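What follows is one structure encoded as structure tokens, with my remarks underneath.
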Amino acid sequence: AENRGELLPVCLRNVGTIQAYVKEALFFSENRSLQLHEEKLDELIQRVVALAETKLQRKRVRVEIRRNPPLILQFDKVLVQRLLGNVLSNAIDASRSDSVIVVDIQRIESNRAGDAWARLRVVDSGEGISGPDLRKIATGYFTTKATGDEQRGFGLGLAICRKIVHLHGGNLDIASQPGKGTTVRIDLPLRQTPAAGKEAVEVAAT
């Protein structure tokens with residue numbers, strides 16, 4: 001009887017964790033079509049950073065956005081905001097206190113004439129990821145977060161990010177060194193085409 005008061009918060013926290021897991025698993029498995037919207041990429045990033053402000057303040061981490069030039073992107077607003085939110089959250093978790101996360105936006109040309117892309121790089125100087133873990137990190141149900149019921153996760157975050165990028169016909173790459181930080185690079189076409197959408201669905205299914 002004495003332990004009932006202590007068990008209730010633990011049970012509630014576990015229920016919340018299970019609900020989050022189910023929600024992530026359902027999202028990962030569903031075949032979602034894109035709801036396209038146009039917006040400046042830097043404005044979307046500023047909104048994502050603002051949503052993470054509490055977490056940034058708690059960790060004492062600052063985000064520096066470098067943009068040249070401003071880019072208007074055609075994308076699914078809900079999915080890409082989730083993508084950037086996941087990437088930024090991971091960077092904050094990995095960062096040391098009083099450090100800076102750099103978000104760099106560039107315009108790049110693809111190998112097809114007339115096609116312009118946005119290249120987004122999220123760079124932290126945190127703990128980094130080992131080689132074996134780096135090869136597994138973007139597959140489902142693998143996580144490097146080993147502690148804390150609410151922080152651990154279920155390894156679906158980066159797998160979902162990769163799926164969202166592929167649905168937009170883009171590419172996601174991760175480079176990291178233990179003790180030296182991680183760079184997540186996301187390349188997205190500025191405009192969606194029917195051909196790109198078809199290719200993205202095929203890639204996401206593999």
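Position 1 is the first residue of the sequence, and the numbers go up from there. Keep in mind that what you see is a predicted model, and the values were worked out from it rather than measured. The figures that follow rest on heavy atoms only: side chains count, while hydrogens, waters and symmetry mates do not.
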Stepwise side-chain contact (heavy atoms from CB on, under 4.5 Å) test for L190 and R107: CA-CA 9 Å; L190 295 187; R107 177 190 172 102; 3.8 Å; yes
Would you say [X]'s side chain and [Y]'s backbone share a donor-acceptor pair under 3.5 angstrom?
X: R96; Y: S125; value: yes
X: D76; Y: Q35; value: yes
X: K59; Y: I92; value: yes
X: S89; Y: G85; value: no
X: D124; Y: T182; value: yes

Residues E38 and K40 bridged, charged N to O under 4.0 Å: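 Not counted as a salt bridge, because no side-chain N and carboxylate O are separated by less than 4.0 Å.
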Residue from L44, L34, L41, L36 passing side chain to side chain contact (heavy atoms under 4.5 Å, CB included) with F75: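 By the side chain to side chain contact (heavy atoms under 4.5 Å, CB included) criterion, F75 pairs with just one of L44, L34, L41, L36: L44.
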Name of the residue among D104, L84, L172 meeting side chain to side chain contact (heavy atoms under 4.5 Å, CB included) with L120: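 Testing each of D104, L84, L172 against L120, the sole residue satisfying side chain to side chain contact (heavy atoms under 4.5 Å, CB included) is L84.
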Contact check, side chains of V102 and R121, non-hydrogen atoms, under 4.5 Å: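 The answer is no; the side chains never approach within 4.5 Å.
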Identified side chain to side chain donor-acceptor pair (under 3.5 Å) partner of E39 from the options R47, Q81, Q74: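 Of all the options given, the one that passes is R47.
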For the hydrophobic clusters of this structure (ILVMFWY residues joined by side-chain heavy atoms under 4.5 Å, transitively), does one cluster hold both [X] and [Y]?
X: V49; Y: L83; value: yes
X: L51; Y: V103; value: no
X: L73; Y: I65; value: yes
X: L188; Y: I174; value: yes

side-chain contact (heavy atoms from CB on, under 4.5 Å) between V87 and V48, intermediate numbers included: CA-CA 10 Å; V87 171; V48 170; over 6 Å; no
